[in-house]
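Below, chain A is the first sequence line, B the second, and so on; all start at residue 1. Just so you know, these numbers come straight off a predicted model, no measurement behind them.
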Amino acid sequence: MDRIIFHVDLDCFFAAVEILDHPEYKGFPVITGADPKKGKGRGVVTTCSYEAREFGLHSGMPISKAYHLCPHGIYVKSNFGRIREISSQVMKILDKYSPVFQQVGSDEAYLDMSEIAIDMNHANEIAKKIKDEVQSEVGITCSIGVAFTKSLAKIGSDCNKPNGITIINPDNYKTILSPLKITRIPGIGKKSKIYYEKHGFQLIGDFLKIPKHKMIAKFGDRGRWIYNLINGLEERKVHDSSYFYHRKSISKERTFYEDTDDYQEILSKITDLNDKIHDILEKKGILYRTISLKIRFKGYETYLRSKSFTSAIRNKQKALEVVLDLYQEFFKKKKKIRLIGLKFSNLKETVKTNQKKILDYVKNV
DNA sequence: TCTGGGGTCCTAGGACCC
DNA sequence: TCTGGGGTCCTAGGACCC
């Protein structure tokens with residue numbers, strides 16, 4: 001029996017939240033992300049409204065370029081408190097529709113509807129209901145992909161944006177997928193696009209023509225992965241794991257407003273990042289075994305250096321010593337620095353934290 | 001045009017052990 | 001004198017996602 005999986009994706013979520021809080025922005029190009037500083041700003045576009053997309057803007061674009069393409073746009077800094085609030089309102093609604101619910105980031109979720117929807121028609125009805133409820137209760141729109149695997153549902157939610165539903169079933173998946181660019185496959189980005197295009201593959205349809213054994217012979221494990229994904233053979237489950245989710249690393253990084261080689265400025269940034277991460281680690285009762293330093297020089301040349309301990313610790317002073325030790329190698333380079341980052345990994349939760357998690361879980365069941 | 005910040009996962013070489 | 005094979009851990013780099 002085929003599964004029925006929903007992928008719900010909030011339409012240009014960060015921009016939608018701004019428009020919700022400022023109705024006067026509606027109908028205008030709204031861009032969230034870094035401060036454009038009249039075209040001299042650093043950073044990128046997080047999201048933008050469809051009106052802004054008309055000017056060629058998209059998420060990830062350098063904010064300076066966006067400003068040149070659309071100087072009269074409404075540029076705003078995201079209000080992360082509101083983002084969290086609106087996101088949790090939506091997720092609460094989605095969670096009601098299925099016991100198997102998996103949130104991804106602040107604006108996406110998967111629902112396994114196999115036990116709830118009778119067939120694809122019924123699934124379509126439920127998807128409409130979800131869309132209506134999110135719009136009337138929260139005031140924003142979403143797009144939903146309905147399919148028999150997670151990846152196909154995800155591809156589906158992107159097919160009818162904004163505010164649309166796409167149904168992908170074993171009878172129509174080839175027709176829907178064939179004309180799409182290979183970058184619509186989640187996991188194929190900029191680099192893979194270039195690689196596969198060199199081999200003559202531009203559209204998903206080009207892959208669909210190739211039998212499994214040839215995909216494997218040509219591209220190895222990657223080939224097998226693509227074949228299974230686009231033919232709906234993927235078995236990844238929607239995992240309802242929000243309560244026992246263990247984060248694998250915690251990091252903070254900052255790009256300087258201007259590249260710098262001022263040791264005092266760099267030292268104070270490192271100290272600041274280290275303090276902030278330790279505040280979080282203490283609050284969450286987390287220990288770490290590995291510390292990493294990331295340095296990006298002027299011109300974008302990037303390096304990572306890390307050091308592991310034999311047992312897990314949490315010691316702000318010791319961490320700072322380790323980081324400064326890792327930094328020595330770069331100090332000699334006498335080059336201006338663009339970005340500094342700290343990362344703590346190989347995390348261990350303390351017994352106390354685990355007990356608290358279990359208690360919270362029991363309370364919620 | 002000039003590239004944020006928070007993550008995850010994968011690969012590949014070298015050290016080390018049996 | 002010219003050296004196996006398997007497993008695991010550490011480190012560095014990179015692709016990708018939201």
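Closest to the side chain of A/Lys65, out of C/dC16, B/dG4, B/dT1, is B/dT1. In this structure, the nucleotide among B/dC2, B/dG6, B/dG5 sitting nearest to the side chain of A/Ser251 is B/dG6. Ranking C/dT11, C/dG13, B/dG4 by closeness to the A/Arg338 side chain, first place goes to B/dG4. Ranking B/dT8, C/dT11, B/dG5 by closeness to the A/Glu253 side chain, first place goes to B/dG5. Ranking C/dT11, C/dC18, B/dT3 by closeness to the A/Ser308 side chain, first place goes to C/dT11. Residue A/Tyr245 places its side chain closer to B/dG7 than to any other of B/dG5, B/dG7, C/dC16. Of the listed nucleotides (C/dT11, C/dC18, C/dG13), C/dC18 has the atom at the smallest distance from the side chain of A/Glu108. Nearest nucleotide to the A/Arg296 side chain, out of C/dC16, B/dG4, B/dG6: B/dG4. Out of B/dG7, B/dT1, C/dC17, the shortest distance to the side chain of A/Lys154 is found at C/dC17. Comparing B/dC2, C/dC18, C/dG13 by their nearest atom to the side chain of A/Asp107 picks out C/dC18.
Straight-line distance from the NZ atom of A/Lys37 to the P atom of B/dG4: 13 Å, rounded to whole Å. Computed from coordinates, the A/Tyr195 OH to B/dC10 P distance equals 18 Å when rounded to whole Å. Following rounding to the nearest Å, A/Lys193 (NZ) and C/dC17 (P) show an atom-to-atom distance of 13 Å. Between A/Arg254 atom CZ and B/dG4 atom P there is a gap of 12 Å when expressed in whole angstrom units. In this structure, A/Tyr303 places its OH atom 19 Å from P of C/dT11, rounding to the nearest Å. One can place CD of A/Glu301 at 10 Å from P of C/dG13, the figure rounded to the nearest angstrom. The separation between A/Leu304 atom CG and B/dT11 atom P is 19 Å, rounded to whole Å. Atom CZ of A/Phe297 and atom P of C/dG13 are 11 Å apart (whole Å).
Nucleic acid contact for A/Ser192: sugar-phosphate only, since backbone atoms but no base atoms lie under 4.0 Å from a heavy atom of the residue. Residue A/Ile63 is out of contact with every strand shown, counting any heavy-atom pair closer than 4.0 Å. Across all strands, A/Leu69 comes closer than 4.0 Å to no nucleic acid atom at all (heavy-atom distances). Here A/Lys298 lies out of heavy-atom contact (under 4.0 Å) with every strand.
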Derivation and outcome, side-chain contact (heavy atoms from CB on, under 4.5 Å), residues A/His239 and A/Tyr110: CA-CA 9 Å; A/His239 51 272; A/Tyr110 291 96; over 6 Å; no

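Dashed line: the shortest gap from a side-chain N or O of A/Arg289 to OP1 or OP2 of C/dC10 is under 4.0 Å. The side chain of A/Arg305 contributes no N or O atom lying less than 4.0 Å from OP1 or OP2 of C/dT11. Dashed line: the shortest gap from a side-chain N or O of A/Lys252 to OP1 or OP2 of B/dG6 is under 4.0 Å. For A/Arg247, no side-chain nitrogen or oxygen approaches OP1 or OP2 of B/dG6 to under 4.0 Å. Regarding contacts with the backbone of B/dG5, a side-chain N or O of A/Thr255 is found under 4.0 angstrom from either OP1 or OP2. Dashed line: the shortest gap from a side-chain N or O of A/Ser306 to OP1 or OP2 of C/dA12 is under 4.0 Å. Checking the phosphate oxygens (OP1, OP2) of B/dC9, a side-chain nitrogen or oxygen of A/Lys248 falls inside 4.0 Å. For the pair A/Ser106 and C/dC18, the criterion of a side-chain N or O lying under 4.0 Å from OP1 or OP2 is not met.
When both pairing distances are held under 3.5 Å, B/dC18 makes a Watson-Crick or G-U pair with C/dG5.
Residues A/Leu180 and A/Leu229 share a single hydrophobic cluster, defined by chaining ILVMFWY side chains whose heavy atoms lie under 4.5 Å apart.
A gap of 23 Å separates the P atoms of C/dT3 and B/dC17, to the nearest Å. Separation of the P atoms belonging to C/dC18 and B/dC2 is 26 Å when rounded to the nearest angstrom.
Using a 4.0 Å cut-off between charged side-chain N and carboxylate O, A/Glu329 and A/Arg305 make a salt bridge. A salt bridge does not link A/Glu18 to A/Arg82: none of the charged nitrogens lies less than 4.0 Å from a carboxylate oxygen.
More than 12 heavy-atom neighbours from other residues, nucleotides or ligands sit within 6.0 angstrom of NZ on A/Lys131. No more than 12 heavy atoms of other residues, nucleotides or ligands sit less than 6.0 Å from atom NZ of A/Lys318.
Both geometric conditions, a ring-centre gap below 5.5 Å and a plane tilt below 30°, are not fulfilled together for A/Tyr300 over the base of B/dC2.
Under the 6.0 Å distance and 45° angle rule, A/Arg224 does not count as a cation-pi partner of A/Tyr227.
Glycosidic conformation at C/dT3 (O4'-C1'-N9-C4 for purines, O4'-C1'-N1-C2 for pyrimidines): syn, within 90° of 0.
Taking the nucleotide of DNA chain B with the nearest heavy atom to each of A/Ser249 and A/Ser64, the more 5' of the two is matched to A/Ser64.
Side-chain atoms of A/Asn121 and A/Glu125, non-hydrogen and from C-beta on, never get closer than 4.5 Å to each other.
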